[in-house]
Amino acid sequence: LTGVGLPPRFMGLCGAAKKNGYVALPNGDLHKCWETVAMPVYRIGSILDDIPVEAISESKWNDWSPFDESECRDCVILPNCLGFCAYHFVYRENYSGNSAKSMCPSLKHEISQRLLLYIENIETNDKQLNSANK
């Protein structure tokens with residue numbers, strides 16, 4: 001098959017939204033998300049602190065779920081993307097304009113076209129195989 005393939009079955013849940021998902025910086029600082037590593041204000045702890053990493057909790061991240069977001073609950077690709085970027089929801093106040101509206105992957109807006117192209121590719125390849133086998 002050539003051309004457009006099927007969309008991914010599962011894009012995965014953002015590591016920051018997982019209980020034990022952390023980003024450790026060379027100086028020992030811990031963040032929940034790669035998007036925040038350049039912003040010390042979003043530091044949630046340090047591996048150098050006396051507090052065990054398991055005890056560090058960042059409720060903004062740990063309590064977030066795409067199923068709590070109306071934009072996600074009503075989405076046709078929710079099982080695939082699971083909210084795509086939790087940072088967009090957890091720190092929504094950092095966005096403005098069109099960026100504040102949606103952080104959805106392009107797949108959400110083109111799923112119908114991609115599936116149609118995929119089916120067309122299958123039909124074209126089947127015709128070519130049938131012609132070659134005659």
Side-chain angles (χ1 to χ4, degrees):
L1 240 171
T2 60
V4 177
L6 282 175
R9 290 183 191 173
F10 181 63
M11 294 173 160
L13 179 62
C14 170
K18 294 180 180 178
K19 181 180 176 190
N20 293 316
Y22 300 101
V23 178
L25 301 184
N27 68 355
D29 285 354
L30 289 174
H31 288 257
K32 287 295 287 176
C33 174
W34 282 102
E35 295 291 327
T36 68
V37 297
M39 299 175 265
V41 68
Y42 293 126
R43 172 188 180 271
I44 62 164
S46 172
I47 60 173
L48 304 175
D49 291 344
D50 290 334
I51 302 168
V53 172
E54 297 81 26
I56 295 173
S57 172
E58 179 55 50
S59 63
K60 277 185 172 186
W61 290 99
N62 295 337
D63 295 343
W64 180 81
S65 168
F67 299 102
D68 294 334
E69 305 291 339
S70 61
E71 180 180 352
C72 293
R73 275 194 316 269
D74 300 334
C75 182
V76 296
I77 66 166
L78 174 61
N80 294 74
C81 77
L82 286 175
F84 198 54
C85 178
Y87 176 85
H88 178 77
F89 294 100
V90 172
Y91 292 110
R92 188 182 299 265
E93 69 273 8
N94 293 348
Y95 290 90
S96 62
N98 287 337
S99 296
K101 292 178 186 169
S102 178
M103 185 72 166
C104 299
S106 61
L107 177 62
K108 175 181 179 175
H109 307 289
E110 58 187 40
I111 186 75
S112 298
Q113 296 91 339
R114 289 207 35 201
L115 290 174
L116 286 172
L117 286 171
Y118 180 76
I119 291 167
E120 287 173 11
N121 282 339
I122 290 174
E123 290 172 351
T124 301
N125 287 339
D126 284 348
K127 287 177 185 175
Q128 288 173 351
L129 283 173
N130 288 336
S131 296
N133 290 331
K134 288 183 179 182

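The first residue of the sequence shown is numbered 1, and numbering continues consecutively from there. Hydrogens, waters and symmetry mates are skipped; everything else that's a heavy atom, side chains included, is used.
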Are [X] and [Y] connected in the hydrophobic side-chain network, where two residues link if heavy atoms are under 4.5 Å apart?
X	Y	answer
V37	V41	no
L25	I47	no
F67	Y87	yes

Test side chain to side chain contact (heavy atoms under 4.5 Å, CB included) applied to C75 and E69, step by step
CA-CA 10 Å; C75 182; E69 305 291 339; over 6 Å; no

Kindly compute the distance separating [atom1] ([X]) from [atom2] ([Y]), expressed to the nearest 0.5 Å.
X	Y	atom1	atom2	answer
E35	N94	CD	CG	10.5 Å
T36	I44	OG1	CD1	8.0 Å
C14	W64	SG	CH2	7.0 Å
Q113	L116	CD	CG	7.5 Å

Give the intermediate values and the outcome of side chain to side chain contact (heavy atoms under 4.5 Å, CB included) for residues F89 and W61.
CA-CA 9 Å; F89 294 100; W61 290 99; over 6 Å; no

Check whether any side-chain N or O of R73 sits under 3.5 Å from a backbone N or O of D68 as a donor-acceptor pair, and report yes or no.
yes

Any donor and acceptor pair, going by atom type alone, linking the side chain of D49 with main-chain N or O of I51 inside 3.5 Å?
no

Determine, step by step, whether V23 and L30 satisfy the side chain to side chain contact (heavy atoms under 4.5 Å, CB included) criterion, reporting the C-alpha distance in whole Å, the side-chain angles of both residues, the deciding distance to 0.1 Å, and the verdict.
CA-CA 6 Å; V23 178; L30 289 174; over 6 Å; no

Does NZ or CZ of K32 fall inside the cone over Y42's six-membered ring, less than 6.0 Å from its centre and within 45° of the axis?
no

Taking the six-membered ring for Trp, is the centroid-to-centroid distance between Y95 and H88 below 6.0 Å?
yes

Show the nearest heavy-atom pair for residues A38 and P40, with the distance to one decimal.
O-CD, 3.4 Å

Check the pair L78 / C72 against side chain to side chain contact (heavy atoms under 4.5 Å, CB included), numbers first and verdict last.
CA-CA 6 Å; L78 174 61; C72 293; 4.0 Å; yes

Could you check whether any side-chain heavy atom of P66 comes within less than 4.5 Å of a side-chain heavy atom of E71, counting everything from C-beta outward?
no

Quick one, C81 and K108 - any side-chain contact, counting heavy atoms below 4.5 Å?
no

Under a 4.0 Å N-O cut-off, is there an ion pair linking R43 with E58?
no

